[in-house]
Amino acid sequence: MAPPSGADPAAALGRADPLAAEASLAGLEAGAPALRRRLLRWWEHHGRQAIPWKLRPDGSPPGDGEALDPYPVWAAEIMLQQTQLPVMLPYWTGWMARFPDLEALARADSQVVLLQWQGLGYYARARRLHQGARQLLAAGGPGPVVWPRDLPGWLALPGVGRSTAGSILSSAFDQPYAILDGNVKRVLARLIASPRPPARQLAGFWQLSERLLDPERPRVFNQAVMDLGATVCTPRQPRCGACPWQGDCAAYAAGDPARFPVKDAPRPLPFQVIGVGIVLDGDGRVLIDQRLQEGLLGGLWEFPGGKQEPGEPIATTIARELREELAIEAAVGEELIRLDHAYSHKRLRFVVHLCRWISGEPQPLASQQVRWVRPEDLGTYPFPAANARIIAALLERLQGPTSGSEADAGGGSGQPGASRSAA
DNA sequence: AATCCGGGGGG
DNA sequence: CCCCCAGGATT
């Protein structure tokens, strides 16, 4: 169908040819062995510092083929899903301190697990890791845990897909399994100047990653490709002058490597205003609710609220949501704080008002449970990141009102100072 | 194949 | 302000 493009590897992967990856690799000026040699030589000098879960307990690097403890690797790889290493590293450290081994994680309470994950996002990862730990322990019976050593064994665990399984198997056991994360997709897409988004050519990209993998040193090779993608073949301004594959790269030859990987046109993000009520009772306790287990921010706690209807005053929104979701009546008072928050698929503006409880025993009509808590105890509940800023503003308001602004109590709700307190 | 699921870093 | 990310599960 396509016109014969000879040795153009981009055209090769562009076709729906099952051997597209082979053709692409063959089309490269160098074969896989030469590419591996160049990459590993580069990595010897420019690879990133070794990371803790890829070292022996004494901190020295493992030899080729040497096995490592899979538990720290597993936890790290789950945290690394859609999350960059510098971001997750402190979470991993805290995680290992709190749950040092599989048994500790398996017997931990799910709220404690979520609390440890708080702020990292994609909270289903924490729930699945926790569930997987219990699954592994239950399957093993008495005696030490038997860790999976093949792809199906790891894929059987919740939250572990092909790329994560390959990363664990190569990292922990130095077994020859390929990976296909964002770094590898970008490096490969440029290497062959793929004309289509990687998501539309996943099979071809997997084949290419497998063909390229060094079967002799899979652990080092996978790490090297990721380091290349993270430090040289970066999304915006790739440093092609420092790349060991510059002479092999079709995107570089084409003159505009940053154009790859090609992506689909993004859709506009919806914008919503969320009215949030900080409901206080006569004893100074505040009302929170725990979100449903599934869906957005599942299992986390929050302050009650909901979407503002078109044309609806925000105070009406908050009173209505409190009535609909908690079956209570409350007087909506002054604004505490407002903050914008961007998720990957929508933008939200939280407008938070202090409220005074009037009547009605709170009911969990749209949540798992509701609870009156003392403000100083809010830190013991896992909240989404946006709510953590609300808590900070609330505590500041309750504790430190003596900053010479007595007049504020009268209702200076329009003051920008209130919203600045979050920044 | 398309959609959902957080949050932070960086140009 | 926009894009990107060490992806997986669900539909």
Side-chain angles (χ1 to χ4, degrees), chain A residues 48 51 53-54 73-92 114 117-129 131-132 154-168 170-171 177-187 189 196-203 205-206 209 219 222-231 233-239 258-261 263-271 291-300 302 339-348 382-389:
Chain A
R48 290 185 293 186
I51 32 193
W53 54 90
K54 294 198 182 184
V73 176
W74 178 28
E77 293 300 339
I78 297 297
M79 289 184 179
L80 280 166
Q81 290 168 1
Q82 294 298 101
T83 307
Q84 294 177 358
L85 193 147
V87 176
M88 58 71 75
L89 199 47
Y91 286 88
W92 181 85
L114 273 181
W117 199 274
Q118 178 180 38
L120 195 51
Y122 284 113
Y123 298 92
R125 295 184 297 176
R127 287 188 266 113
R128 291 171 183 146
L129 183 55
Q131 179 188 346
W154 280 101
L155 291 177
L157 294 174
V160 177
R162 184 170 171 186
S163 192
T164 298
S167 198
I168 294 172
S170 62
S171 294
Y177 289 92
I179 58 176
L180 192 59
D181 55 18
N183 284 314
V184 178
K185 284 175 188 163
R186 185 174 57 256
V187 170
R196 302 175 57 193
R200 303 192 176 280
Q201 284 290 309
L202 270 189
F205 272 74
W206 270 111
S209 182
R219 169 158 49 205
N222 282 341
Q223 186 62 49
V225 185
M226 288 189 286
D227 285 359
L228 186 67
T231 66
C233 197
T234 51
R236 308 293 179 91
Q237 292 178 291
R239 301 164 47 226
R259 188 162 62 87
F260 301 92
K263 54 190 178 183
D264 289 320
R267 298 190 323 168
L269 296 181
F271 178 82
R291 297 176 62 92
L292 298 177
Q293 200 62 25
E294 300 304 322
L296 183 70
L297 305 168
L300 274 70
E302 65 176 5
L339 48 92
D340 293 338
H341 199 73
Y343 297 89
S344 1
H345 53 296
K346 61 179 141 182
R347 298 176 184 279
L348 301 182
F383 281 85
N387 280 263
R389 297 177 55 191

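Chain A is the first sequence line, chain B the second, and so forth, proteins listed ahead of strands; every chain is numbered from 1. All figures in this text were calculated on a predicted structure; none of them were measured in a lab.
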The side chain of [X] is closest to which nucleotide in this list: [options]?
X: A:Q82; options: C:dG7, C:dA6, B:dG10; value: C:dG7
X: A:S163; options: B:dG7, C:dA6, C:dG7; value: C:dG7
X: A:M226; options: B:dA2, C:dA6, B:dG6; value: C:dA6
X: A:K263; options: C:dG7, C:dC3, B:dG7; value: C:dC3
X: A:R125; options: C:dC5, C:dC2, B:dG6; value: B:dG6
X: A:Q84; options: C:dG8, B:dA2, B:dG8; value: B:dG8

message: Give me the stems containing DNA chain B, sorted by first residue, counting only three or more consecutive Watson-Crick or G-U pairs with both distances under 3.5 Å; say none if there aren't any.
response: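 Stems (3+ consecutive pairs) listed as B:1-5 with C:7-11, B:7-11 with C:1-5.
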query: What is the minimum heavy-atom distance between A:A165 and A:W154, and which atoms define it?
result: CB-CB, 3.9 Å
query: A:P197 and A:D264: which non-hydrogen atoms are nearest, and at how many Å?
result: CG-OD1, 3.6 Å
- line: Sorted by chain and number, sequence neighbours left out, salt bridge (charged side-chain N to carboxylate O under 4.0 Å, His left out) with A:R128 holds for none
Touch check for [X], heavy atoms < 4.0 angstrom, all strands: base, sugar-phosphate only, or nothing?
X: A:L85; answer: base
X: A:L202; answer: nothing
X: A:Q118; answer: nothing

If we take the [atom1] atom in both [N] and [M], what is their distance in whole Å?
N: B:dG6; M: C:dC4; atom1: C1'; answer: 14 Å
N: B:dC5; M: C:dC5; atom1: C1'; answer: 14 Å
N: C:dG8; M: B:dG8; atom1: P; answer: 22 Å

Separation of [X] atom [atom1] from [N] atom [atom2], in whole Å?
X: A:L120; N: C:dA6; atom1: CG; atom2: P; result: 14 Å
X: A:D264; N: C:dC3; atom1: CG; atom2: P; result: 13 Å
X: A:Q81; N: B:dC5; atom1: CD; atom2: C1'; result: 11 Å
X: A:Q131; N: C:dG8; atom1: CD; atom2: P; result: 16 Å
X: A:D340; N: C:dC2; atom1: CG; atom2: P; result: 13 Å
X: A:L114; N: B:dG7; atom1: CG; atom2: P; result: 12 Å
X: A:L339; N: B:dG6; atom1: CG; atom2: P; result: 17 Å
X: A:R291; N: B:dC5; atom1: CZ; atom2: C1'; result: 11 Å

Check whether any side-chain N or O of [X] sits under 4.0 Å from OP1 or OP2 of [N], and answer yes or no.
X: A:K185; N: C:dG7; value: no
X: A:R186; N: C:dC5; value: yes
X: A:T164; N: C:dG8; value: yes
X: A:H341; N: B:dG7; value: yes

query: After noting the C-alpha distance and the side-chain angles of A:L180 and A:R162, does the key distance pass the side-chain contact (heavy atoms from CB on, under 4.5 Å) rule?
result: CA-CA 8 Å; A:L180 192 59; A:R162 184 170 171 186; over 6 Å; no
Just jot down the side-chain contact (heavy atoms from CB on, under 4.5 Å) partners of [X], sequence neighbours excluded, or say none.
X: A:D181; value: A:S163, A:I179, A:N183, A:V184, A:M226
X: A:A258; value: A:P238, A:D256
X: A:Y123; value: A:L114, A:W117, A:L297, A:L300

Is any side-chain heavy atom of [X] less than 4.5 Å from a side-chain heavy atom of [Y]?
X: A:R186; Y: A:F260; value: no
X: A:Y177; Y: A:N222; value: no
X: A:Q201; Y: A:K185; value: no

Side-chain donor or acceptor of A:Q293 paired with backbone N/O of A:G298 under 3.5 Å: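 Not a single qualifying donor-acceptor pair exists.
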- prompt: If each of A:A165 and A:P261 is mapped to the nucleotide of DNA chain C with the nearest heavy atom, which maps nearer the 5' terminus, i.e. the 5' end?
  reply: A:P261
- prompt: With a 3.5 Å cut-off and just heavy-atom distances, do the side chain of A:T83 and the base of B:dG6 make a donor-acceptor pair?
  reply: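 Pair found.
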- request: Establish whether the base of C:dC3 is bridged to the side chain of A:R236 by a donor-acceptor pair shorter than 3.5 Å.
  value: yes
query: What's the verdict on side-chain contact (heavy atoms from CB on, under 4.5 Å) for A:Y122 and A:Q82, showing C-alpha distance, side-chain angles and the deciding distance?
result: CA-CA 9 Å; A:Y122 284 113; A:Q82 294 298 101; 3.9 Å; yes
Can you tabulate the close N/O pairs, meaning under 3.5 Å, that link protein atoms to atoms of nucleotides 9-11 of chain C?
from: C:dA9; atom 1: OP1; to: A:G159; atom 2: N; distance (Å): 2.8

Position toward the 5' end of DNA chain B (nearest nucleotide), A:A124 or A:V87: A:A124
task: Assign each of A:A199 and A:G119 to its nearest nucleotide of DNA chain B by heavy atoms, then name whichever residue's nucleotide is nearer the 5' end.
output: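 So the residue in question is A:A199.
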